[in-house]
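A short worksheet on the structure shown next.
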Number of protein chains: 2
Amino acid sequence: MENKAEIEALVNEIIGRVADKWTMVVLEALEARGTMRFTELSQEIPEISQKMLTKTVRQMERDGLVSRKVYAVIPPKVEYTLTALGHGLSEAFCGVWIWAEKNHAKIHEARRKFDVKAAR
Amino acid sequence: MENKAEIEALVNEIIGRVADKWTMVVLEALEARGTMRFTELSQEIPEISQKMLTKTVRQMERDGLVSRKVYAVIPPKVEYTLTALGHGLSEAFCGVWIWAEKNHAKIHEARRKFDVKAAR
DNA sequence: ATCTATACTTCCCTGCAGGAGAGTAATGGA
DNA sequence: TCCATTACTCTCCTGCAGGGAAGTATAGAT
């Protein structure tokens, strides 16, 4: 049996890495639309810069969350698809999405109250 | 019915805010140990700086995830406890924790392979 | 000859995350 | 009288996230 603290650190690292803003957004897009090209992704997520999209998608590839299929044509064509691991993560996050949808009103309400109190 | 894109943006914002590194760690600590004082938290999470702990915990309070009970004594005593909302979030993340525990080996494996390939 | 499309990379620049360390208020105990 | 304790706050400082814009390779269309 491995060291408990070690596993915890690992899990923390993975969640920290995997649960960053852009990874989540790309994950969502790919889950919703299936296989997508680079340009399609950047159109689907207009707020992300090219640089960040490249970086995010590379990182996800490295982590085994997406597969990257390059066609040897000109102009280039590259397709991104979620792997089984990627689908699994997306499923795991499902609970969080649902929670967020259900509870965003409560959070806003809590913030409002807090801010009113703080203003005094 | 509200605008779909608006809700999506809201959910994204909340997840982005709520799922940051320190919030997750504090959430986990409070879920595991129940009510904790400031110093206890910082001992439980030695990697966090005082500044960041204060900030994280304040933010969580504002979002209604934790409640803060101040005792009017000297030296000061402040207790932090998860609210129902906080417990709910922690529960929602449960799936992600489990996923991470189950799959960290696969991720490391994927990274190894990727790095070997990239080295060529 | 020039333009376009695609999936990048590179460079430059700014702002903010976040660490380190010192300061603070108030009281009880040695 | 001086120190320890607690939960902060404040200031200074560094490094990196990330945006914007330009550059690149290549071939087919005009």
Tell me: [atom1] of [X] to [atom2] of [N], nearest whole Å?
X: B/K51; N: C/dA20; atom1: NZ; atom2: P; result: 11 Å
X: A/I74; N: C/dT4; atom1: CD1; atom2: P; result: 18 Å
X: A/Y71; N: D/dT26; atom1: OH; atom2: P; result: 22 Å
X: B/K69; N: D/dC8; atom1: NZ; atom2: C1'; result: 20 Å
X: B/Q50; N: C/dT24; atom1: CD; atom2: P; result: 15 Å

field: Passing option when A/D63 is tested against B/K113, B/K106, B/R111, B/R112 for salt bridge (charged side-chain N to carboxylate O under 4.0 Å, His left out)
entry: B/R111
- request: Name the closest nucleotide to the A/S49 side chain, picking from D/dG19, D/dA22, D/dC8.
  value: D/dG19
- line: The nucleotide from C/dG19, D/dC8, D/dG19 with an atom nearest the side chain of B/Y80 is D/dC8
query: Between A/V78 and B/M52, which has a closest nucleotide on DNA chain C that is more 5'?
result: A/V78
message: Counting the atoms with a prime plus P, OP1 and OP2 as sugar-phosphate, which does B/T39 contact under 4.0 Å by heavy atoms, base, sugar-phosphate, or nothing?
response: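 It contacts sugar-phosphate atoms only.
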query: With under 30° as parallel and over 60° as perpendicular, where do the rings of A/F38 and A/Y80 fit, or are they tilted in between?
result: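 Taking A/Y80 first and then A/F38, their aromatic rings sit tilted (interplane angle of 30° to 60°).
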message: Checking A/Y71 against A/E79: is there a side-chain donor and acceptor pair closer than 3.5 Å?
response: yes
Does [X] make a side-chain N or O approach to OP1 or OP2 of [N] shorter than 4.0 Å?
X: A/R37; N: C/dA5; value: no
X: A/K77; N: C/dA5; value: no
X: A/R58; N: C/dC8; value: yes

message: What I'd like to find out is whether the side chain of A/K102 reaches to under 4.5 Å of the side chain of A/I98, using heavy atoms alone.
response: yes
